[in-house]
Amino acid sequence: MARGTMKCFHSQALPTLLQDESSLPLWKGKISCDMLLDENIVTSAEIIDCQPLPSEVIRSAHSRAYLHKILSGQMDLKEQLLLGFKVTPAVYPLVSSSVNASISTCLTALAEKVAVSLSGGMHNAYEDFGLNYSIFNDVAISAKILRQMYPQIKILIIDTDADHGAGTNSLLKDDPLTKTFSFHSYGSRKPSFMSDYDVTVARYIEGNSYIDLLMDRLATALERSMPDLVIWVSGVSGHYLDQSRLMRLNSEDLFYRDILISRAMIKNKIPLAVLLGGGNNENSVLTGKLHRNTIAAVKHNARAYASG
Ligand SMILES: [Zn+2]
């Protein structure tokens, strides 16, 4: 890969799953991608479209019964309401191509030190059910596939999405070499599966306190886990206009966070795989822009610390 370039894995067909733009989590990657290209932050040569995966790959983290419901499009209404949209047979190829983007991002990060996905970070999916647009847990699937390929690899999952990544924690709890760090605010719900490094902050935390505490706790997690790969579920749901209403961060706070986290990894040559994670603003363009900012921050550091 040429100096300072950064592969961006994408599932270009994913937004076609929906008839309208109401389900923003599937659209925002496209919005961000268009912004990144229009502003020449990434080039079209850096964008790689991903294909659907065979179902055995998904089975590494999900039950046969759940997978069957998604493949056949036969899911009861209550389960579909939990997911947030209608499940039809068209869902599987599109969502599995997004999982493919996450796995490809991790493998490329190992080879080239940094890579990003323009989707993924679906940390609310469990073995046999999904929640809040998280159908398949691409974070856990990626970690499990890497474990099969590299039995000794030490993985740290850094989850800075404002809600808790309990689905990921539940799926990876039996892997001693994969550690999870989650920095979140609960709102009203407490999770059933904690992270290895679990930081709960007060609801409506503001920028300065957020950055100071996050970087302090993250340094401890990095020192203790000494990862060979970081999978970062970046998330922009801590924005004060996010519908989750969990934190009071502004766009500059989030961009500063993204600069600091990506610099900490890239400067120290810790392979970094970036997944978008949550973010559901009242304004879809703003959501796309916040994710675009994350990718721009990572790209800035990839360029600044490119070693040729
Ligand atoms: Zn989330």
Side-chain angles (χ1 to χ4, degrees), residues 14 22-29 31-32 61-62 81-85 95 98-99 101-102 105 116-127 129-143 156-172 180-201 203-205 210 214 218 230-249 253-254 257-258 261 273-282 284 286-288 290-291 293-295:
L14 194 60
S22 60
S23 292
L24 181 63
L26 303 184
W27 277 94
K28 60 190 189 177
I31 298 172
S32 305
H62 293 285
L81 287 171
L82 284 174
L83 269 178
F85 63 91
V95 177
S98 155
V99 177
S102 300
T105 299
V116 305
S117 165
L118 293 167
S119 59
M122 298 296 184
H123 62 179
N124 290 315
Y126 290 75
E127 183 181 5
F129 67 96
L131 280 177
N132 298 341
Y133 304 100
S134 290
I135 296 180
F136 298 137
N137 194 313
D138 56 294
V139 191
I141 293 169
S142 298
L156 176 64
I157 293 163
I158 296 176
D159 189 333
T160 51
D161 198 350
D163 64 342
H164 196 276
T168 307
N169 300 338
S170 79
L171 287 164
L172 294 172
T180 51
F181 170 94
S182 177
F183 195 94
H184 50 261
S185 171
Y186 284 151
S188 55
R189 271 183 317 170
K190 279 210 169 193
S192 40
F193 294 91
M194 304 297 274
S195 320
D196 297 292
Y197 306 99
D198 206 271
V199 189
T200 306
V201 298
R203 197 166 184 181
Y204 307 133
I205 189 170
Y210 173 87
L214 171 63
L218 187 54
V230 162
I231 303 175
W232 177 26
V233 180
S234 50
V236 294
S237 50
H239 194 272
Y240 71 103
L241 290 175
D242 195 85
Q243 294 185 34
S244 64
R245 295 276 186 265
L246 288 172
M247 297 180 180
R248 266 196 202 133
L249 310 179
D253 297 328
L254 285 166
R257 174 201 71 177
D258 296 342
I261 292 182
V274 184
L275 311 177
L276 288 196
N280 195 355
N281 241 282
E282 285 162 4
S284 59
L286 177 56
T287 308
L290 294 172
H291 286 299
N293 288 351
T294 303
I295 309 295

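Counting starts at 1 for both ligands and their atoms, in listed order. The analysis underlying the following values was restricted to heavy atoms, covering all of them including side chains, and did not include hydrogens, waters or symmetry mates.
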Practice prompt. Among N281, I31, V236, D242, find the residue that satisfies the side-chain contact (heavy atoms from CB on, under 4.5 Å) test when tested with L286.
Written response: N281
Item to complete: Check all N, O or S atoms of D163 and name the one closest to the Zn ion (ligand 1).
Response: OD1
Discussion item. Using a distance threshold of 2.8 Å, state whether an N, O or S atom of H164 lies below it from the Zn ion (ligand 1).
Written reply: no
Discussion item. For E282, is there any backbone N or O sitting under 3.5 Å from a side-chain donor or acceptor partner on T287?
Written reply: no
Response to the item:
Looking at D161, the N, O or S atom sitting nearest the Zn ion (ligand 1) is OD2
Worksheet entry | Any residue meeting ring pair (Phe, Tyr, Trp, His ring centres under 6.0 Å) with F193, in chain and number order, not counting sequence neighbours | none
Practice prompt. Not counting sequence neighbours, which residues clear side chain to side chain donor-acceptor pair (under 3.5 Å) with D196? List them please.
Written response: T180
